[in-house]
Amino acid sequence: MHLFRTIAELRIWRSQQASRSVGFVPTMGYLHEGHLALVRRARAENETVVVSIFVNPLQFGPQEDYDRYPRDLDRDLYLLEREGVDAVFAPSVSEMYPSGFSTAVVVTGPIAERLEGEARPGHFRGVATVVTRLFGLVQPQRAYFGWKDAQQVLVVQRLVQDLALPVDIVPLPTVREADGLAMSSRNVYLSPEERVAASAIPRALFAALERFRSGERAAAALRELVRRTLTTTPVRLEYVSVSDLETFQEVEYVERPALLLVAAWIGTTRLIDNVLLDPGAP
Ligand code: AMP
């Protein structure tokens with residue numbers, strides 16, 4: 001497995017892969033089974049697999065956790081080597097954003113401006129900018145993203161379509177711990193007590209999904225059920241939303257596929273999660 005720290009090294013190697021299909025998994029490292037599910041799918045579908053590890057300062061707000069975001073490159077490399085990854089691109093911040101870097105990719109509209117976009121100003125601008133730059137460097141045929149970050153999937157799909165980038169976006173289901181908590185590098189911030197309490201988030205989402213499957217179509221009732229399930233727990237809800245999968249507008253009645261999304265705080269840790277509400281599903 002190659003480890004590239006510079007764009008120059010990556011470019012030379014990439015030019016040698018010209019005849020091969022390239023699958024790409026962008027990450028911020030501190031890998032878990034959610035990341036590895038993306039890597040395995042990429043491995044199964046492509047001749048060459050590239051993983052990037054880059055904690056992207058552009059997508060963190062000034063009061064956010066950029067400095068304390070967990071990092072362990074040696075462990076990540078060990079895990080990726082075991083998955084048969086061909087190359088890891090782990091650039092420094094100055095390699096990704098050399099002095100003079102002045103371009104941003106901005107997706108507009110509800111997909112990028114509501115919920116996470118509103119709660120984290122500049123977040124999706126940072127995501128769209130780094131993803132576009134990484135796509136330019138890696139030039140993958142396919143790129144793999146997790147539904148865990150559903151709004152991010154929609155933002156990336158939008159920018160790929162709007163900029164006519166020649167890459168297929170492949171979104172994969174959220175990988176969860178045994179108690180339902182969505183795997184996240186940020187789960188390491190949780191104390192043992194907070195970790196137990198955090199399982200209320202998926203419990204609330206899955207209670208609402210059950211209600212939906214039993215025929216409830218009123219978004220207000222589903223949002224209220226999430227709220228109520230969390231009131232007796234240490235989880236502090238920041239938002240709960242039922243958003244149309246296509247338009248990303250808030251929905252009143254779920255008549256087309258929609259996402260039930262939450263952001264919540266446990267102590268000083270902010271977690272997001274979501275489930276798909278699909279009225280067409282059996
Ligand atoms: P991150 O390192 O948090 O930027 O995540 C890198 C990629 O892994 C993104 O596409 C995430 O959506 C995806 N991912 C993170 N956690 C999970 C999970 N629990 N299940 C599936 N994909 C995930």
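Atoms within a ligand are numbered from 1 in the order they appear, just like the ligands themselves. If you're wondering where the values come from, they're calculated on a predicted model, not measured in any experiment.
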Please determine which of Arg41, Arg43, Arg40 meets the salt bridge (Lys or Arg N to Asp or Glu O under 4.0 Å) test together with Glu83.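 By the salt bridge (Lys or Arg N to Asp or Glu O under 4.0 Å) criterion, Glu83 pairs with just one of Arg41, Arg43, Arg40: Arg40.
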
Residue among Arg186, Lys148, Arg176 satisfying salt bridge (Lys or Arg N to Asp or Glu O under 4.0 Å) with Asp273: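 The option that passes is Arg176.
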
Would you check the N or O atoms of [X], main chain and side chain alike, for any that come under 3.5 Å of an N or O of ligand 1?
{"X": "Gly146", "answer": "yes"}
{"X": "Pro26", "answer": "no"}
{"X": "Met28", "answer": "yes"}
{"X": "His35", "answer": "yes"}

In this structure, does ligand 1 have an atom that sits under 4.0 Å from one of the heavy atoms of Glu33?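 The answer is no: ligand 1 sits nowhere under 4.0 Å from a heavy atom of Glu33.
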
Yes or no: does Thr174 have any heavy atom under 4.0 Å from an atom of ligand 1?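 Per 4.0 Å heavy-atom rule, Thr174 contacts ligand 1.
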
State the atoms of ligand 1, each with its element, that fall below the 4.0 Å cut-off from a heavy-atom position in [X].
{"X": "Phe145", "answer": "10 (O)"}
{"X": "Gln152", "answer": "9 (C), 10 (O)"}
{"X": "Leu38", "answer": "7 (C), 8 (O), 10 (O), 13 (C)"}
{"X": "Met183", "answer": "16 (N), 17 (C), 18 (C), 19 (N)"}
{"X": "Thr27", "answer": "2 (O), 6 (C)"}

Is there a side-chain contact between Leu58 and Val130 (heavy atoms, below 4.5 Å)?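 Leu58 does not reach Val130 side chain to side chain.
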
When you measure from the side chain of [X] to the backbone N and O of [Y], does any donor-acceptor pair fall under 3.5 Å?
{"X": "Asn274", "Y": "Asp149", "value": "no"}
{"X": "Glu210", "Y": "Ala207", "value": "no"}
{"X": "Asp76", "Y": "Tyr30", "value": "yes"}
{"X": "Gln139", "Y": "Ser15", "value": "no"}

What are the two closest heavy atoms between Asn56 and Gly126, and how far apart are they?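 Distance-wise, the nearest heavy atoms are ND2-O, 3.1 Å.
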
Side chain, backbone, both or neither: which part of [X] has a heavy atom under 4.0 Å from ligand 1?
{"X": "Pro173", "value": "backbone"}
{"X": "Lys148", "value": "side chain"}
{"X": "Val25", "value": "neither"}
{"X": "His32", "value": "side chain"}

So Phe24 and Phe135, would you call those rings parallel, tilted or perpendicular, with 30° and 60° as cut-offs?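 Geometry flag for Phe135 against Phe24: perpendicular rings.
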
Using a strict 4.0 Å threshold on nitrogen-to-oxygen distance, state whether Glu255 and Arg217 make a salt bridge.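 No, no charged N to carboxylate O under 4.0 Å.
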
Given Asp149, Asp273, Val175, which has its nearest heavy atom closest to atom 14 (N) of ligand 1?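 Among Asp149, Asp273, Val175, the closest heavy atom to atom 14 (N) of ligand 1 belongs to Asp149.
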
May I ask which of Phe54, Tyr30, Tyr69 has a heavy atom nearer to atom 3 (O) of ligand 1 than the others do?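 Ranked by closest heavy atom to atom 3 (O) of ligand 1, first place is Tyr69.
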
We want to know whether Asn46 and Tyr144 form a side-chain donor-acceptor pair, criterion being a heavy-atom distance below 3.5 angstrom.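 The criterion, which ignores hydrogens and geometry beyond distance, is satisfied for Tyr144 and Asn46.
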
